[in-house]
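Structure provided below as structure tokens; questions to follow.
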Amino acid sequence: MLLEHDPVHAFMPYPPVAVASSPEGPLAGLTLAVKDLFDVAGYRTGCGCPTKLAESDIKTKTAPVVQKLRDAGARFVGKTHTDELAWSLYGMNVHFGTPINAAAPDRIPGGSSSGSAAAVAAGLADIGLGTDTGGSVRAPSSFCGLWGIRPTHARISLEGCMELAASFDTCGFFARDAKTLAETGAVVLGNDRIELPDTPRLIRPVDMVARLGEEQKAVYDSFFGDLSAQEARIYPAGGADALYDAYRVLQAYEAKQSVVPWIEKSGMPLARGIDERFAQARSISAAEAEGPNALRAAFRDKMDDMLGTDGVLLAPVVHDAPFRLDAPQEVFDGFRHLAMPFLCVAGMTGLPQVVFPAGKVDGAPYGLSIIGPRGSDRSLIGLAARLVGHQHG
């Protein structure tokens, strides 16, 4: 890293290598932290995995999205920690440790983009670059009290970035405020294909909201309650569990094509959690993925029809605030299964989702979000900024 101090353990302790940025541009004066899944010339790419790190050469080419940010003036300050192979949601790495959530130091930061989120939350970077396959930008945004976006699928290039599940992988980013998120989006997102109207059609997903506890629903109602919105049930037949089950099969099947062959070849030791996901991924057949793929296609069409070009979903991000680092094992085992039915809505549809700070639950940050039509990313950030401004006005 290029910082003198890292009090929240956000950065990989790589030898500092100066990386040139443009002295001018829309992001001049802002600092950039990059998840250690992206290649940066002069650095290795460890992917949160000691075996990957040992195999990695020093890169000679920088991932295009990182280069865009540097060319726009953002100053690179280091590569950040990630869950091993980006294959978790908690931000805890048995090999390299857990970044500290500055907004709630006794809680998990959320993963797998934990280091980038922790760096931004602690003020060590203005922009945090991450990836979001199952929720790895959105959950840390909620947990750390940040702004964040999972863009429309494939809107930002993932060249020079480790693949986990190609049809779900996205490049997302964090900021402490809407202005910085919007400025970053202007650089990496390009022009919107769909521009939301000044007064979009708001939709309250009653079946998502029904899964919230009392305290969490109070935050949701406090923020969204006075907005005029139509109500809709969004989950497919079989409900949230059917959607999540389909996601799990599809993600595992795609991981079977990407990281599983490397795991088998390298013989890397399998940490707890990775061992279960590895075993599941190895066992999934193409035939088993056919039904989930059909469900995904139907759900995607349903959501596209519901949102059209002017609809926006007022969505919870996850079911709860981040849990404590000393939580009992059953919390560790069960939390992601409760969070994923929320997170896989945007994941299974490829729609953009913007997360923003909304309140606290049990003394820790609890964010909310909006999901918009595919290709509406930048205007979705603008709408989120107006909604938050209205609340604080």
_Check: D132 main-chain N/O paired with T170 side-chain donor or acceptor under 3.5 Å_ = yes

*asked:* Just verifying a value: how many Å separate R107 CZ and C144 SG, rounded to the nearest 0.5 Å?
replied: 12.0 Å

*Flag the pair D57 and K59 as a salt bridge only when some basic side-chain nitrogen lies within less than 4.0 angstrom of an acidic carboxylate oxygen.*
yes

_Donor-acceptor contact below 3.5 Å, side chain S112 vs main chain T82_ = no

*Can you sort out the partners of N93 under side-chain contact (heavy atoms from CB on, under 4.5 Å), two or more places apart, ordered by chain and number?*
E84, H95, F96

*asked:* Checking side-chain polar atoms at under 3.5 Å, does S116 have a donor or acceptor matched by the opposite partner on K35?
replied: no

*Going by atom types only, do D126 and T180 share a side-chain donor-acceptor pair under 3.5 Å?*
no

*Return the orientation label for the F342 and H319 ring planes: parallel under 30°, perpendicular over 60°, tilted otherwise.*
parallel

*Would you say the side-chain atoms of Y244 pair up with the backbone N or O of L343, donor to acceptor, closer than 3.5 Å?*
no

_Interatomic distance, L181 atom CG to L380 atom CG [nearest 0.5 angstrom]_ = 10.0 Å

*I284 and W87: same hydrophobic cluster, using ILVMFWY side-chain contacts below 4.5 Å?*
no

*S157 side chain reached by K68 side chain, heavy atoms, under 4.5 Å*: no

*Step by step, would you call I203 with L307 a side chain to side chain contact (heavy atoms under 4.5 Å, CB included)?*
CA-CA 8 Å; I203 303 167; L307 296 181; 3.9 Å; yes

*Taking all atoms of both residues into account, what is the closest heavy-atom pair of L196 and P373, and its distance?*
CD2-CD, 3.8 Å

*Report, as yes or no, whether the 6.0 Å neighbourhood of atom CD on Q230 holds more than 12 heavy atoms from other residues, nucleotides or ligands.*
yes

_Ring-ring centroid check F356 F223, cutoff 6.0 Å_ = yes

*asked:* Under 4.5 Å between side-chain heavy atoms, counting indirect links through other Ile/Leu/Val/Met/Phe/Trp/Tyr residues: same cluster for L227 and V355 or not?
replied: yes

*asked:* For the residue pair T62 / R70, report whether a side-chain donor-acceptor contact shorter than 3.5 Å exists.
replied: yes

*In sequence, state the C-alpha distance, the side-chain angles, and the governing distance for R272 and D333, and then conclude on salt bridge (Lys or Arg N to Asp or Glu O under 4.0 Å).*
CA-CA 11 Å; R272 191 176 190 279; D333 291 342; 3.3 Å; yes

*About how many Å separate CG of L313 and CZ of R201, when rounded to the nearest 0.5 Å?*
10.5 Å

_Any non-hydrogen side-chain atom of I149 less than 4.5 Å from a side-chain atom of S141?_
no

_If we count only N and O atoms by modelled type, under 3.5 Å, do the side chains of T45 and K79 hold a donor and an acceptor together?_
yes

*Salt bridge between D362 and R324, side-chain N to carboxylate O under 4.0 Å?*
yes

*Report yes or no: is the cationic atom of R211 (NZ for Lys, CZ for Arg) under 6.0 Å from the centre of the six-membered ring of Y220, at an angle within 45° of the ring normal?*
no

*Nearest heavy atoms of G91 and P99, plus distance in Å*: O-CD, 3.4 Å

*Can you tell me if S376 uses its side chain to pair, donor with acceptor, with the backbone of S379 under 3.5 Å?*
no

*Between Q257 and Y253, is there a donor-acceptor pair closer than 3.5 Å when you use the side chain of the first and the backbone of the second?*
yes

*Does the D207 side chain pair with the main chain of Y235, one donor and one acceptor, at a distance under 3.5 Å?*
yes

*Should the heavy atoms of other residues, nucleotides or ligands under 6.0 Å from NZ of K302 be counted, would the total exceed 12?*
yes

*With rounding to the nearest 0.5 Å, note down the distance linking CG in L164 to OG in S136.*
8.5 Å

*asked:* Does any part of the side chain of I371, heavy atoms only, come nearer than 4.5 Å to the side chain of V312, both counted from C-beta?
replied: no

*So, H153 side chain and G347 main chain: donor-acceptor pair closer than 3.5 Å or not?*
no

*asked:* Determine whether a donor-acceptor pair (N or O, by modelled atom type, separation under 3.5 Å) exists between the side chain of Y247 and the backbone of M348.
replied: no

*Answer yes or no: is there a side-chain heavy-atom contact under 4.5 Å between T131 and M162?*
no

*Would you say the side chain of Y43 lies within less than 4.5 Å of the side chain of M12, judging by non-hydrogen atoms?*
no

*Using only heavy-atom distances, determine whether the side chains of D36 and Y14 contain a donor-acceptor pair under 3.5 Å.*
yes

*Are V137 and V388 co-members of a hydrophobic cluster defined by side-chain heavy atoms under 4.5 Å apart?*
no

*Would you mind reporting whether L69 and L30 have side-chain heavy atoms less than 4.5 Å apart?*
no

*Find out whether H5 and L3 are in side-chain contact, i.e. whether some heavy atom of one side chain is under 4.5 Å from a heavy atom of the other.*
no

*Are the side chain of Q353 and the backbone of R150 linked by a donor-acceptor contact shorter than 3.5 Å?*
no

*Does some side-chain heavy atom of E254 sit less than 4.5 Å from a side-chain heavy atom of D169?*
no

*Sub-3.5 Å donor-acceptor pair from the side chain of N101 to the main-chain atoms of F143, do we have one?*
yes

*Indicate if V120 and I108 have the same hydrophobic cluster label, given that clusters are the connected sets of ILVMFWY residues with side-chain heavy-atom separations under 4.5 angstrom.*
no

*Working to the nearest 0.5 Å, report the span between CG of L129 and OG1 of T80.*
8.0 Å

_If we check salt bridge (Lys or Arg N to Asp or Glu O under 4.0 Å) with D192, which of these qualifies: R155, R374, R378?_
R155

*For side chain to side chain contact (heavy atoms under 4.5 Å, CB included), just list the numbers for L387 and L383, CA-CA rounded to whole Å, side-chain angles, deciding distance to a tenth of an Å, and then say yes or no.*
CA-CA 6 Å; L387 290 175; L383 173 61; 4.2 Å; yes

*Is a side-chain donor-acceptor pair under 3.5 Å present for S266 with E55?*
no

*Are V77 and F174 joined in one hydrophobic group, where the rule is that I, L, V, M, F, W and Y side chains link up if heavy atoms are under 4.5 Å apart?*
no

*How many angstroms lie between atom CZ of R75 and atom OG1 of T31, to the nearest 0.5 angstrom?*
6.0 Å

